[in-house]
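The structure under discussion appears below in the form of structure tokens.
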Amino acid sequence: MTFPGLFNYWVVIALMMVGFYVVIAQGNLIKKVVGLNIFQVSVFVFYISISKVKGGSAPILSEGIALYGNPLPHVLILTAIVVGVATMALALALVVRIQDAYGTVEEDEIREREEAS
Amino acid sequence: MAVTAVALAWLRNLFAVVMLSGIFTLTAAVVYVVMDAVDVAFTEAAVGAGIATVLMLGSLVLTTAEEKVQPRRAFGPLAMVVLTGAVLVYGTLDMPFYGDPSAPAHGHVAPRYIRDSGREVGPPNIVTSVLASYRGYDTLGEVFVIFTAAAGVIVLMGRGRRYRGRERRDAERS
């Protein structure tokens with residue numbers, strides 16, 4: 001590894017901040033959901049990078065391997081991925097519902113219509 | 001890892017964002033393989049990149065495919081993001097290095113799982129043993145979350161359809 005040892009955290013932070021920016025700066029609700037997704041994936045990468053042990057192999061028991069990666073974060077992230085997709089489906093359903101009610105998924109237009117009514 | 005970041009920089013442009021987010025998730029799956037997390041990579045590729053993209057495309061069909069152009073460049077959010085990022089980077093200075101075998105995350109129960117799960121549970125894949133046996137309650141909770149989310153989606157979408165039907169009826173009456 002030619003990178004400094006903290007490089008993985010910095011990549012994660014960069015990704016996380018891109019997601020964060022999309023969530024707070026974009027007006028389109030679907031784009032916000034995509035931003036949340038990016039944020040989420042960055043957290044996953046963070047956990048997986050924690051579980052890496054230098055020189056270790058994937059946590060599957062086999063002959064002649066003494067050093068394994070840490071299996072615990074893998075399990076947590078497996079659960080988190082599936083839960084993340086479920087919550088994203090819920091968010092998208094809400095977006096579709098908002099489209100039904102307001103005819104738009106842009107945040108400022110929704111606010112205009114809310115004030116007009 | 002750097003490729004992922006580049007893929008992200010693109011994400012601002014069009015409403016091809018959904019496809020790009022699929023590609024982004026697949027890249028993340030490759031990163032997981034590099035970091036020895038093969039099970040997670042499988043799940044991410046199948047569920048994260050597959051199902052999530054299909055869901056997003058579906059909601060695009062139901063809403064709009066074009067994003068409104070934003071004339072103003074917001075400075076406030078950018079400053080906020082940079083500030084948060086700087087604080088987080090400062091926080092990483094105390095973290096253990098990448099791949100460090102003596103990091104605190106590798107202590108506690110993890111060595112025991114690696115040592116004993118083959119004998120206690122059976123399958124050679126430690127992740128499977130932990131998921132289904134040692135942390136079975138987590139998986140049960142996951143199932144509850146998925147069920148709740150599915151119920152929520154059904155309630156929301158179902159009512160939407162009924163709502164539209166009522167509007168149509170009102171329109172016909174007037």
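In the text below, chain A, chain B and the rest are named by the order of the sequence lines, each starting its count at 1. Computed over heavy atoms, backbone and side chain alike; hydrogens, waters and symmetry mates excluded. Because the structure is predicted, anything quoted here is derived from the model rather than measured.
Looking at B:Leu55, the atoms closer than 4.5 Å to chain A (heavy atoms on both sides) sit in the backbone and in the side chain alike.
In this structure, the side chains of A:Met16 and B:Thr84 stay at 4.5 Å or more apart for every pair of heavy atoms.
Through side-chain heavy atoms spaced under 4.5 Å, either directly or across other Ile, Leu, Val, Met, Phe, Trp or Tyr residues, B:Phe144 is tied to B:Tyr137, B:Leu140.
The neighbour count for A:Tyr47 OH, taken as heavy atoms of other residues, nucleotides or ligands under 6.0 Å away, does not exceed 12.
Atom OG1 of residue B:Thr25 and atom CD1 of residue A:Ile38 lie 8.5 Å apart, to the nearest 0.5 angstrom. To the nearest 0.5 Å, atom CZ of residue B:Phe42 and atom CG of residue A:Leu78 are 11.0 Å apart. The structure places CD1 of B:Ile51 at 9.5 Å from CE of A:Met88, a figure rounded to the nearest 0.5 Å.
When each of A:Thr79, A:Ile98, A:Asn37 is checked for heavy-atom pairs under 4.5 Å with chain B, A:Thr79 comes out on top. With chain B as the partner, the residue from A:Ile77, A:Val41, A:Val95, A:Thr87 showing the most heavy-atom pairs under 4.5 Å is A:Val41.
Taking hydrophobic clusters as Ile, Leu, Val, Met, Phe, Trp and Tyr residues chained together by side-chain heavy-atom distances below 4.5 Å, A:Ile13 shares a cluster with A:Phe44. Transitive grouping of hydrophobic side chains (ILVMFWY, heavy atoms separated by less than 4.5 Å) keeps B:Ile146 and B:Val153 in distinct clusters. A:Phe39 and B:Val87 end up in different hydrophobic clusters when Ile, Leu, Val, Met, Phe, Trp and Tyr side chains are linked at under 4.5 Å.
What you find for B:Ala149 and A:Ala86 is that their closest heavy atoms are CB-O, 3.6 Å.
Applying the salt bridge (Lys or Arg N to Asp or Glu O under 4.0 Å) test to pairs two or more places apart or on separate chains, those with a residue in residues 136-146 of chain B are B:Arg135-B:Asp138.
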